[in-house]
Participant: 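This is the structure, below, for whatever I ask next.
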Amino acid sequence: MTIDVCPVTDTFAAEVGDVDLSQPLSDDDLAAIKQAFWRYSVLIFPDQHLSAGQHLDFARRFGPLETSIGAYRGPDAMRLDKELADVSNLSPDGKVWDRSSRQRMFQLGNRLWHTDSSFKHVPALASLLYGRSIAPIGGHTEFADCRAAHDALPAARQAELAGLIVEHSIFTSRAKLGFTDFSEHERSQMPPVLQRLVRCIPESHRRSLYLASHAGHIIDMDQQQGAALLAELIVHATQRQFVYTHRWRTNDLVMWDNRCTMHRGTAFDDLRWRRDVQRATISDVANSCEQPNELADAA
Ligand code: OGA
Ligand code: MN
């Protein structure tokens, strides 16, 4: 049977049924999933029953896996394989974390609109988040369509933004929440990187804003002016008409294209409910400034 794609809107987010991701995929099914992914940017696969290995095997069909940064926890404190980012509220012993947990503070950063790993020189292409257990209320994940947000800007604005380069750093997003308690060693592990503000997505030939809470400074613009522009664009891109809110069911696998979407977690009672969500992350092919960009070529 071929997969069944049920779009949420005509161009953003779709549910995918009639596929069992624990089994090796046929080439036809993989091609159909990719086609849907380039079109909708967020895919939801309900009721999947995956081991960590099966989750990672499916993810690998889209490119090489990233390893989790883990810098703020240290290798001894990792609950999962190094290829899985632990987005849960659990400590290494599997219990709900404490109020004072450092991991809890760090993960609060996920509540700001962002795209994964834009603070890495080679950022993430896709993320695949699997919900093993979820909170009964709250803990939704919201996604913003940054292609639609780009399309909605006036042409003159699009032209102004086209060539801009932005500095991203994990410490920029954490500082927004007042979390600045990092060692020099931690800081030196993740120096700031440059990314394009407007990307052209090769598979869909659509332009997209590449924004994140990690973005702090626009090159060749004064600090305050750049920060104000980034804040304004994030507000623009996350207006209700560009946003899909995912309400989790146990065993949902949700995958998104980090090149052209932002996402954020929403609040839940994290000292009460277990929320065990685990993320496999696929690397992009290169830094965004090093990729061909039709916008730059056409200019
Ligand atoms: C992520 C993330 C938000 C959430 O997994 O990259 O930002 O709702 N998750 O868990
Ligand atoms: Mn994220």
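When a ligand or atom number is given, it counts from 1 through the structure's own listing order. Here, residue 1 is the first one in the sequence, and each next residue gets the next number.
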Participant: Examine Arg275 relative to Phe268 and say whether NZ or CZ is less than 6.0 Å from the centre of the six-membered ring and inside a 45° cone about the ring axis.
Facilitator: yes
Participant: Can you count the protein N/O/S atoms lying under 2.8 Å from the Mn ion (ligand 2), leaving waters out?
Facilitator: 3
Participant: Please check if any side-chain donor atom of Asp116 sits under 3.5 Å from a side-chain acceptor atom of His114, or the reverse.
Facilitator: yes
Participant: Taking the six-membered ring of Tyr210, is NZ or CZ of Arg199 closer than 6.0 Å to its centre and within 45° of its axis?
Facilitator: yes
Participant: Provide the closest heavy-atom pair for Arg61 versus Lys34 in the form atom of the first, atom of the second, distance.
Facilitator: O-NZ, 3.2 Å
Participant: Using a strict 4.0 Å threshold on nitrogen-to-oxygen distance, state whether Asp10 and Arg39 make a salt bridge.
Facilitator: yes
Participant: Any cation-pi pair here, Arg187 with Phe171, using under 6.0 Å and within 45°?
Facilitator: yes
Participant: Between Arg147 and Asp257, is the closest basic N to carboxylate O distance under 4.0 Å?
Facilitator: no
Participant: Once you measure the plane-to-plane angle for Phe106 and Phe179, does it fall in the parallel (<30°), tilted (30-60°) or perpendicular (>60°) bin?
Facilitator: perpendicular
Participant: Every pair of nitrogen or oxygen atoms between ligand 1 and the protein that is under 3.5 angstrom apart - can you list them with their distances to 0.1 Å?
Facilitator:
unit_1, atom_1, unit_2, atom_2, d
ligand 1, 6 (O), Asp116, OD1, 3.1
ligand 1, 6 (O), Asp116, OD2, 3.2
ligand 1, 6 (O), His263, NE2, 3.2
ligand 1, 6 (O), Arg279, NH1, 2.7
ligand 1, 7 (O), His114, NE2, 3.1
ligand 1, 7 (O), His263, NE2, 3.0
ligand 1, 8 (O), Thr141, OG1, 2.7
ligand 1, 8 (O), Arg275, NH2, 3.0
ligand 1, 10 (O), Arg275, NH1, 2.9
ligand 1, 10 (O), Arg275, NH2, 3.3

Participant: Would you confirm whether Gln54, through its side chain, and Ser51, through its main-chain N or O, come within 3.5 Å as a donor-acceptor pair?
Facilitator: yes
